[in-house]
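These notes concern the structure reproduced below.
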Amino acid sequence: MNIYDPKQIEKKWQKYWEDNKTFEVEKDKTKEKFYSLIEFPYPSGVGLHVGHPRPFTAMDIVSRKKRMDGFNVLYPIGFDAFGLPTENYAIKTGRPPAEVTAENIANFTRQLKMLGYSFDWSRVVDTTDPTYFKWTQWLFLQFHKHGLAYKKTMPINWCLSCKIGLANEEVVDGKCERCGGDVEKRDKEQWMLAITKYADSLLAGLEDVDYIPQARTQQENWIGRSEGASIKFRVIPNLKSEESRHSGSGSLVVPPRDDVNIEVFTTRPDTLFGATYMVLAPEGEYVQQLKDYISNWDEVEEYINKAKLKSDLERTELQKEKTGIKLEGMMVINPVNNEEIPVFVADYVLANYGTGAIMAVPGHDERDFEFAKKYDLEIREVISGGNILESAYSGDGVLVNSDFLNNKNVVDAKKEIISWLEEKHIGKGKVQFKLRDWVFSRQRYWGEPIPLVYCENCAEKSKKLKVKSQKVVLIHGISGHAQENWFPWLKDELEHIGYTVYVPNLPHAEHPNLEEWVDELCKLPIDDGDEIVVVGHSLGAPVACKFVEQKNIKIKKLILVAPTGTQQEKDWSGLKSVGLDEKALKCIHNFNSAKKDWKHIVSLTEESVIYLSDNDPYIPLSVKNDYQELNARIKEFSGKGHFNRKVGMTQFQAILSEFNYEEHLNSGWIPLPEDQLPLELPQVEKYEPTETGESPLAAIEEWVNTTCPQCGGSARRETDTMPNWAGSSWYFLRYMDPHNDKEFASPENLKYWAPVDWYNGGMEHTVLHLLYSRFWNQFLYDIGLVPTKEPYKKRTSHGMILAEDGEKMSKSRGNVINPDEMVEQFGTDAFRLYIMFMGPFDQAVAWNTDGVKGMRRFLDKVWNLQEKVVVAEAKDNNLTRLVHQTIKKVTQDIDKMNFNTAISSLMEFTNVLTKEEKISKAGYAVLVKLLSVFAPHIAEELWSEIGNTKSIAYEAWPQYDESQLVEDEVTLAVQVNGKLRATLVVPADITEEDAKARALGHGDIGKWLEGREPKKVIYVKAKLVSIVV
RNA sequence: GCCGAAGUGGUGGAAUUGGUAGACACGCACGACUCAAAAUCGUGUGCCGCAAGGCAUGAGGGUUCGAUUCCCUCCUUCGGCACCA
């Protein structure tokens, strides 16, 4: 027998795996698949960090075990190679980022191969490879096509001395990381992706996946759905204020204007009676709008400018004391009690959440309380339950000092006040999300160019398309509500592109009456001169038809979405299952059977479209017969065919597509046709952003100037590039079909491999990356391009590896551990084992090089066991039991990612075998197979040493037999008054009486009883006897 | 400030439907082998105590025959954050 020489055998087996393509996936698609995924690394110049191997090794173990369980396993690797560090390196050295990236990838590849991972190396992806980012660009254009990409003015971090835009990461303590100069917020037009449209869907999707609780909670908190109300407060000049007449600005008191309102969002509308002042965000629009009222503008402006310099971090973490300025010259009226209350501007209110204005309830909100204390504002109790003079009370309780809400509990009071506000038209129930749209532009070189051009000519044409007076009526259905679901979004979007939109909240929606609804709609201020589009959803569809008939005016387009038809009672099961009662069902029936003059409706309607969805519980497909006339008409007109059954498209998107939304919104922005993709990066001389804040691409005139793919005229390219997140939002899809040059991945490959079965990554990516990639996948699902709504079935996370001093590893601290050195010193297998053994996988743990030695010793022991292997079967029952116990423990521990205890049970097994004279080949084979997933090289070598010719990678994983686990003797603990006084070995099937008797009769126990009679004797089966005296 | 996780020997950690606290490994000590060292093997190793025994899972309290595990109060450390109204 040779000495264990890791260097030699590791090279040997790595070559074997490569030559034999051992870990390339099988083409056989009848075999059950398993897709395990790790976050692909950013190939930095310093090479692999010991943090990387932790998740890579863990998922390698999972993948290797799955192969031995008989699955067709895909365990891919790639490189997320666009990014700031490479770009900054290019700025410093002038070397092209592509060149540097290629070198770094080569180094990473060498290191990853050295670690013996079972990656399918034939499927490597690189986000900076044009054959990859061609599809990143193509996917972006799908967002653009569906109206989910739009341009908006957003603030960027601007370094005043470098004159370039900075990433958040480059702003340290409010200063520029490069030069230490001041940083301020500056506005720039940026491309946005409308992830907020998917807020509900991203939240709901979490129900269908198996994520570790922290990941799920973080996603939920980030999306941040909260229910509350928006409430309008009327602004009045403050005539009482003497000060305002003689203020610094010198302006006179502004005459009353009755049309100025400030709208606030609150999750606690029940505390409206306790609102004693209002606060506006300094960077919000309201302050600017109200400038005319404000008599101390100089002071206010100074405060706003100061707030601009503060980062969000300063406004949150560092600032203990709240600051603010009272707006002199104006007050607002609390609509619930007509009290005049003062208005402040203060930076504890953010412009980008809600409306940028809050009603302050110091009695029941901690932040408002602090502010009120400082500025000596009234603190009013409206919920009983806590002492509000000491601190704000935000808990549950009974309403007081609140007029008609008195004596109600918080939940009821919320409902009551919302319906009161809605009735008076001063507020409404509202769902608010924390999630904001995604800024998708970067003014950088080293990213995917955004494949759009701007064409003046086409922009002009599209403007002409807009007509003067366009009005849209949105009609909701039964139990519906104008504020619910997607109606508010739709209203916002349509208003944004110039429509006037009516969303009437129809009366008695629980038990509607057709005449009443139609009468209500006829009151809307629309007439024959207008261009009218009517949208009816669900029960709103027959209402819309009846409305057209009764109003008797020309309609440009009638859009019916998931309409109800003349359902018979036998079709009502679907309706009942969603909770409608008999009374409501009767209403629907009456609605639908009401006579409609279809000829008349069709003659009034210029164009009509019906959307049916196959999976709508309300709508049986049989209803299509109810709209025969319309159906025929649609065929005749639109050429789109008949019922537009866009499965997978949301109803919201379907409707929006009827309004040429994207054309209106981004008029002039023309996508490159597919045959012009990929749009590659041009060669540049300098990698710095330009002085105007545009990316270096803007300086390359011959690249920027191009022709419009639509009209052939002259056009200019977009010079912004995509963020680093873009390529990583879909890489898991590309792995399924990495060399496809016709599609981003073929439907059959997607169908076989999606979704990812198990995705492990760092906690630092459980918010943004996870959310972004789920968003992309959900969108692609909705437009029918991927087969599953959720991309990842299961998500786990690993803890960080800290340096030996317990600090974070970093170059500047000089405490970085290099994997190359570890492998050189101890071998890959020992290194892998240590990485997995060092602590619980999901927790941070400090590196200890001495620990690796222990793993090497363990492997030496396993190696040396070869000598003792005999062909004969072992007869010893205890050993058989240990074999089965070890198989069970290792199998279960891998599934739970308890790798440390799995390895320790292998050590215990090995320690026992070491003490044996002879060991059976079968027993040793079990050890080698179990070990093979952790330490694959030594396992392959030992496997061939004991006479096998094929790789161990596809051998069957050992199975345990429960019946072999049964012990025949157990050790009972004997306690007297809770303290351990003796142990006794007894047969496992001992009876309770027998066990108690033996315990009481035990010599050591008599001493402790001191002749006293036991008061109580407790027996826990096969565990202990507890005696109480 | 908010949210999340965690506090166990000299060190990393094991053990939780409440049932012998410290598995496994590192380190350390002693012994064997060696001229010697390294490596390897063996023995020991929570703390106090000669011992009997007592004390021990961040601190304090509670429930229980019995608590690392459940409950309450407090302290500390780590991670995330967009003061989210």
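All heavy atoms count here, side chains included; hydrogens, waters and symmetry mates do not. Predicted model, so just to flag it, every value in this text is computed and none were measured. Naming: A, B, ... by sequence-line order, numbering from 1 per chain.
- With its glycosidic angle more than 90° from 0, G44(B) adopts the anti conformation.
- In this structure, the side chain of Asp365(A) engages the main chain of Asp368(A) through a donor-acceptor pair within 3.5 Å.
- Look at A36(B): it lacks any Watson-Crick or wobble partner with both distances under 3.5 angstrom.
- Using a 4.0 Å heavy-atom distance criterion, Glu908(A) is classed as a sugar-phosphate-only contact.
- Residue contacts shown for Met763(A) are absent, as no nucleic acid heavy atom lies under 4.0 Å away.
- Under the 3.5 Å distance criterion, with hydrogens and angles disregarded, no donor-acceptor pair is assigned to the side chains of Tyr286(A) and Thr355(A).
- Among the heavy atoms of the strands, none lies under 4.0 Å from Ser905(A).
- A side-chain donor from one of His765(A) and Glu39(A) sits under 3.5 Å from a side-chain acceptor of the other.
- Across G18(B) and U73(B), the matching C1' atoms stand 22 Å from one another, rounded to whole Å.
- The distance from atom CZ of Arg54(A) to atom C1' of G12(B) is 11 Å, rounded to the nearest whole Å.
- When heavy atoms are screened at a 4.0 angstrom cut-off, Lys434(A) is found touching base atoms of the nucleic acid.
- Nearest-nucleotide mapping onto RNA chain B: of Ser904(A) and Asn900(A), the residue sitting toward the 5' end is Asn900(A).
- Within 6.0 Å of CD in Glu285(A) there are 12 or fewer heavy atoms belonging to other residues, nucleotides or ligands.
- Which of G54(B), A25(B), C84(B) sits closest to the side chain of Asn911(A) comes down to A25(B).
- Among A25(B), A23(B), G19(B), the nucleotide with an atom closest to any side-chain atom of Met855(A) is A25(B).
- As a whole-Å value, the separation of Arg216(A) CZ from G80(B) C1' is 19 Å.
- Of all nucleotides listed (A5(B), A25(B), A14(B)), A5(B) comes nearest to the side chain of Gln214(A).
- Nucleic acid contact for Thr901(A): sugar-phosphate only, since backbone atoms but no base atoms lie under 4.0 Å from a heavy atom of the residue.
- Rounded to whole Å, the C1' atom of U68(B) lies 15 Å from the corresponding atom of A23(B).
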